[in-house]
Amino acid sequence: MNQATPTSSHSRFDLSKTTLLLLASVVMASVLYLSPNAAAEKAVPLPAASQEVLAGVPPVTAPTETIVLAGGCFWGVQAVFQHTQGVLSAISGYAGGSLADADYEKVSSGDTGHAEAVQVVFDPRQVSYAQLLQIYFSVAHDPTQLNRQYPDTGTQYRSAVFYQDNGQKLVTERYIAQLDAAKVFPDKIVTQVSLLHGFYPAEKYHQNYATLHPNASYIARFDLPKLANLKSMMPALYREQPVLVQP
């Protein structure tokens, strides 16, 4: 990922650490794009959550529910859920770390424990938590890759679900067990399931990135296929116009 350039009041010759990190990431990603083995993750058709997965979980009575998901670069994950019916907002940010705050420069070091993540607020009357998990595991990323989503590597790109209550925890763990038992993936799911301790929205230039930069090489190669997969595999849950983060 990382083709965005943050705005700055400094001279264009005064490179910040963040800019240097971005430039280094672009160079690394460019090398990967030229590799004959470089390719977007393939979507895997998955079964819906079984009755056993949902058994005993209290129904949601609140008008909205929130799920925080990490699965590689947040640009593509955000785009997938912005195009999902029933989603009210999808914000790129950081979760799962040890520091009391987070920004791109800190998280990109790989030392804070944060992951690039997306906070998804949705209407449970239109789309369920279990359906969003199905999209997450099937379309948004490859849950069998440990600390990477090709071409991005590091713990900040890990697969993780950050739950907010015991119901979300139970459904997530049971659904992972269902998928592993069904052997729908060639490898075991490595998704981390952790209690959410805080979510920190990412910088403005990271929001709506796939929508604003559809012709960027990273987006075209790794993220637009995710949207095409969502539309073809789950047409009832696909929305043509994304719900965008407002300025």
Side-chain angles (χ1 to χ4, degrees), residues 1 39-54 57 59-60 62-92 117-145 149-150 159 161 168 171-172 174-176 178-186 189 191 207-216 218-246:
M1 58 171 288
E41 298 97 343
K42 294 182 179 179
V44 177
L46 298 181
S50 66
Q51 290 301 313
E52 288 76 13
V53 167
L54 304 175
V57 177
V60 177
T64 65
E65 191 174 0
T66 301
I67 179 173
V68 176
L69 302 166
C73 171
F74 43 29
W75 293 344
V77 178
Q78 180 190 46
V80 165
F81 290 105
Q82 287 180 324
H83 282 272
T84 299
Q85 292 284 2
V87 169
L88 304 177
S89 70
I91 301 173
S92 291
V118 176
Q119 181 191 69
V120 181
V121 179
F122 62 99
D123 182 346
R125 297 166 299 181
Q126 298 184 52
V127 62
S128 69
Y129 180 85
Q131 286 176 309
L132 294 183
L133 285 181
Q134 186 179 7
I135 292 172
Y136 167 71
F137 285 113
S138 174
V139 175
H141 83 309
D142 180 350
T144 68
Q145 294 193 52
Q149 287 294 309
Y150 200 81
S159 173
V161 175
Q168 290 186 350
V171 172
T172 304
R174 289 173 180 177
Y175 190 49
I176 290 173
Q178 176 189 340
L179 297 179
D180 274 338
K183 300 186 183 303
V184 293
F185 295 103
I189 292 172
T191 303
Q207 305 299 341
N208 308 323
Y209 197 90
T211 298
L212 296 175
H213 306 281
N215 297 319
Y218 185 100
I219 299 300
R221 187 155 195 173
F222 298 104
D223 292 337
L224 294 187
K226 299 177 190 289
L227 299 182
N229 290 333
L230 175 63
K231 184 175 184 178
S232 64
M233 294 173 60
M234 303 177 185
L237 293 176
Y238 178 80
R239 66 194 300 172
E240 195 68 43
Q241 295 299 319
V243 54
L244 299 178
V245 177
Q246 298 303 310

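These numbers were taken from a predicted model, which means no experiment stands behind them.
- In this structure, Leu46 and Phe185 have side chains that are in contact, with non-hydrogen atoms separated by less than 4.5 Å.
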message = Quick one, Val161 with Gln168, criterion side chain to side chain contact (heavy atoms under 4.5 Å, CB included). Give me CA distance, side-chain angles, the key distance, then yes/no.
response = CA-CA 9 Å; Val161 175; Gln168 290 186 350; over 6 Å; no
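- For the residue pair Ser50 and Tyr175, no side-chain donor N or O sits within less than 3.5 Å of a side-chain acceptor on the partner.
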message = Determine whether Val245 and Gln82 satisfy the following criterion, side chain to side chain contact (heavy atoms under 4.5 Å, CB included), listing intermediate values before the conclusion.
response = CA-CA 9 Å; Val245 177; Gln82 287 180 324; 4.2 Å; yes
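- Between Val44 and Ser138, the shortest heavy-atom distance links the atoms O-OG, 2.6 Å.
- Scanning all heavy atoms of the two residues, the minimum distance from Leu230 to Thr84 falls at CD2-OG1, 3.8 Å.
- Remark: side-chain polar atoms of Arg239 are paired, donor with acceptor, to backbone N or O of Val87 under 3.5 angstrom.
- When side chains are defined from C-beta on, Tyr136 counts as touching Thr191, because their heavy atoms get closer than 4.5 Å.
- A donor-acceptor contact under 3.5 angstrom links the side chains of Tyr129 and Thr172, judged on distance only.
- Taking 4.5 Å as the limit, some side-chain heavy atom of Val127 sits within range of a side-chain heavy atom of Leu132.
- Rounding to the nearest 0.5 angstrom, the gap separating the CG atom in Leu227 from the CD atom in Glu240 is 9.5 Å.
- The two atoms that bring Ser159 and His141 nearest to each other are OG-NE2, 2.7 Å, heavy atoms only.
- At a threshold of 4.5 Å between non-hydrogen side-chain atoms, the residues Ile91 and Val118 do not count as touching.
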query = Taking it one step at a time, do Glu65 and Val121 satisfy side chain to side chain contact (heavy atoms under 4.5 Å, CB included)?
reply = CA-CA 6 Å; Glu65 191 174 0; Val121 179; over 6 Å; no
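- In terms of heavy-atom proximity, Pro47 sits nearest to Val184 at CD-CG1, 4.0 Å.
- The side chain to side chain donor-acceptor pair (under 3.5 Å) test with Gln78 singles out one residue from Gln119, Gln207, His83, and that residue is Gln207.
- For the pair Val77 and Lys226, the minimum side-chain heavy-atom distance is 4.5 Å or more.
- The shortest distance between side-chain heavy atoms of Ile135 and Phe81 falls below 4.5 Å.
- For the side chain to side chain contact (heavy atoms under 4.5 Å, CB included) with Trp75, the lone residue among Asp223, Leu212, Asn208 that qualifies is Asp223.
- When all heavy atoms of Ala43 and Pro45 are compared, the closest pair comes out as O-CD, 4.0 Å.
- The closest side-chain heavy-atom distance from Phe137 to Asp142 is not below 4.5 Å.
- Distance SG/Cys73 to CZ/Phe222: 10.5 Å, rounded to 0.5 Å.
- A donor-acceptor pair under 3.5 Å links the side-chain atoms of Ser232 to the main chain of Ala228, judged by distance alone.
- Tyr238 and Gln85 make their closest contact through O-NE2, 3.4 Å (heavy atoms, listed as atom of the first residue, atom of the second, distance).
- Between Ile176 and Leu179 the shortest side-chain heavy-atom distance does not fall below 4.5 Å.
- In this structure, Lys231 NZ and Leu237 CG are separated by 14.5 Å, a value rounded to the nearest 0.5 Å.
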